[in-house]
Structure formats: C-alpha cells, structure tokens
Amino acid sequence: MLSSLATGVYAGLGAAGGLGLAAGGYAYAALWPGSRLFGEALIAPPRPGELALTFDDGPNPAWTPRLLDILASHDVRATFFLVGSHAQAEPELARRIVAAGHLIGNHSWSHPNLALTGASRVQEELARTSKTLEQIAGAPVRYFRPPFGARRPVVFLLARSLGMVPVLWNAMTADWSEPSADKIAERLTHRIDRLERQSQAANIVLHDGSHLDRRGKRGPSVVAAGQLLAAYKKNHRFVTLDAWG
Ligand SMILES: [Zn+2]
C-alpha cells in the first residue's frame, strides 16, 4: 500500500500531474497514520521499550470484561477509545474500565468516517461523546482517536477545541477480521520489534469492540492482547497514553 501511494505521489510531481498530486496527497494525508499534513497527532515518542496497548470500539459486554481480567492479572493499565453510543448503552462497564485505572478516550459517538463528515456533525459526534464519558468517568476526556484514522484539518481543530489531543498509532494489524490470535500477536510482535530497533515506543491498536455490532466477537484480539502482555511484560514497560503527552 505504501509503495503504490508513493508511486502516486511521485507520479504527481510532474507539472501535468499537479491535480493528481493534490488528489493523491489528500487521500494519503487523510488515511495514512504517519501523515502529519493535518496537524500534530500523538503517535509515540522515541522511547524504545515502552508499549501502549490501546483498545478501540468498545465497551463491549461480550469481550471487554474478559480483557479487563487479563489486564488485571498482569497488573497493566491500557487506554480504551470508547464509542460514545456504546458507552451510553453500557455505562457500568465503562465505569468499570475507569475504576480499574485504565485511561478512556473519545472515539466519536457513532464511528463515522470523519474525513467525509460535515463540521457541525463532527462537533456533535465529539462533544456528545466527551460529555457522556465525562459523566461516567467524572473527569475530562483528554484523548481522541478518529474512527478509521480518517481526518481532515477541521477534525483535529475541533478535537483540540474540546480539550483533546488527537491520537493515531504505529502498530496495527487487521485484528477485526483475523480469526487467529496467534497471527494477530505474531504480526504485532514483528511491528513492535521493528519499532524498537528504530528506537521508537509502540502505540498498539487492538479492538475489544466493533462499531458495527455492540457485542461483536473479539476473542482473537483479546487473547492476542494476553499473549503480548506475557511476551513483553518482563523487559518492557506498558504505559497509558498520558505518559506520552
Ligand atoms: Zn474504531
């Protein structure tokens, strides 16, 4: 995917391809997590050995409780980017996440592609979610991750105006469609180890929920999280995102 995008950008550098560069560049900036064209987002600092486990799209009554048990058994805290409408449906579970010492963040109210959503609706998606999460947690929500990583300048501006730091990631695999926990853990391990060789901390995304199904099956992702904890706990430090800014 990266090479085809790069090819598109280079192809657009010719004068005749100016429009192509604009369109290709926009798609790249809107969807590629490492892109910084649309303002600063928190990804991960140059601190090899630090790992942030982040879980998106919950709370999920079918799988989040199991995940909380696994995290507790390792005495590790993680960051949960909650879908506002899911949190409203499961306030006790959202409260349990906070009570266990985990950090919660805003992942929008209904998980739309915010690169394609009008500014007033983006504002509503973010503000409604923060209000609901703040009522549940009793504290301001400081972190926001855009659904699908999709954004445009106004999305980050609105998030910042609501007091939140936009967050992306640097370690992800398609855990939502992979039936094997071993494969999920193996792919993430490969990514984490490469980041470490590059002297970078790892901001790892897994999904304990599904934006399409409030009780979506997330067994492989939850089991993979346990495998990563077992593999890295001895020689690495697991942190929540507030350790990074
Ligand atoms: Zn999501």
Side-chain angles (χ1 to χ4, degrees), residues 1 27 29-35 38 41-44 52-64 66-68 71 78-90 93-94 97 102-117 121-130 132-133 136-137 141-152 155-156 158-159 162 164-179 184 187-188 191 202-222 224-225 228 240-241:
M1 180 180 176
L31 292 170
W32 191 254
S35 164
F38 287 171
L42 174 63
I43 298 177
L53 279 175
T54 72
F55 297 97
D56 288 5
D57 295 358
N60 175 354
W63 286 100
T64 305
R66 178 86 64 91
L67 174 61
L68 291 174
L71 289 164
T79 304
F80 289 76
F81 285 97
L82 303 181
V83 174
S85 59
H86 291 186
Q88 185 188 49
E90 297 290 338
L93 183 51
I97 295 171
H102 304 294
L103 185 66
I104 59 170
N106 183 326
H107 197 43
S108 82
W109 185 260
S110 65
H111 209 281
N113 181 334
L114 296 179
L116 307 174
T117 303
R121 171 138 183 247
V122 173
Q123 163 81 20
E124 193 185 312
E125 285 272 338
L126 271 52
R128 190 176 179 195
T129 300
S130 281
T132 298
L133 296 184
I136 287 169
V141 176
R142 289 189 46 219
Y143 297 92
F144 160 72
R145 176 176 279 157
F148 314 109
R151 71 276 184 190
R152 57 201 171 88
V155 174
F156 280 9
L158 287 169
L162 290 166
M164 295 186 287
V165 176
V167 177
L168 295 172
W169 63 83
N170 61 11
M172 183 169 76
T173 182
D175 66 302
W176 57 88
S177 62
E178 171 54 62
I184 294 169
R187 289 189 194 121
L188 288 174
R191 185 74 185 132
N203 180 338
I204 305 157
V205 181
L206 282 164
H207 293 76
D208 63 325
S210 161
H211 68 282
L212 300 172
D213 178 358
R214 210 161 55 73
R215 296 171 178 272
K217 292 197 173 91
R218 286 293 180 248
S221 302
V222 169
L228 293 176
T240 45
L241 292 178

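Residue numbers count from 1 along this sequence. Just follow the structure's listing: the first ligand is 1, and inside any ligand the first atom is 1.
- Residue H102 is tested with F81, Y143, F80 for a ring-ring contact (aromatic ring centres under 6.0 Å, His included); the sole match is F80.
- Around the Zn ion (ligand 1), the protein N, O or S atoms found under 2.8 Å comprise D57 OD1, H107 NE2, H111 NE2.
- Taking the centre and axis of the six-membered ring of W109, the NZ or CZ atom of R128 falls inside the cone set by 45° and 6.0 Å.
- Under the 30°/60° scheme for interplanar angles, the aromatic rings of F156 and F144 are found to stand perpendicular.
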- Query: Does the pair T54 and V167 meet the rule for a side-chain contact (heavy atoms from CB on, under 4.5 Å), with working shown?
  - Reply: CA-CA 10 Å; T54 72; V167 177; 6.0 Å; no
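- By the salt bridge (Lys or Arg N to Asp or Glu O under 4.0 Å) test, R191 pairs with no residue at all, sequence neighbours left out.
- For the residue pair D57 / H107, a side-chain donor-acceptor distance below 3.5 Å is found, with atom types taken as modelled.
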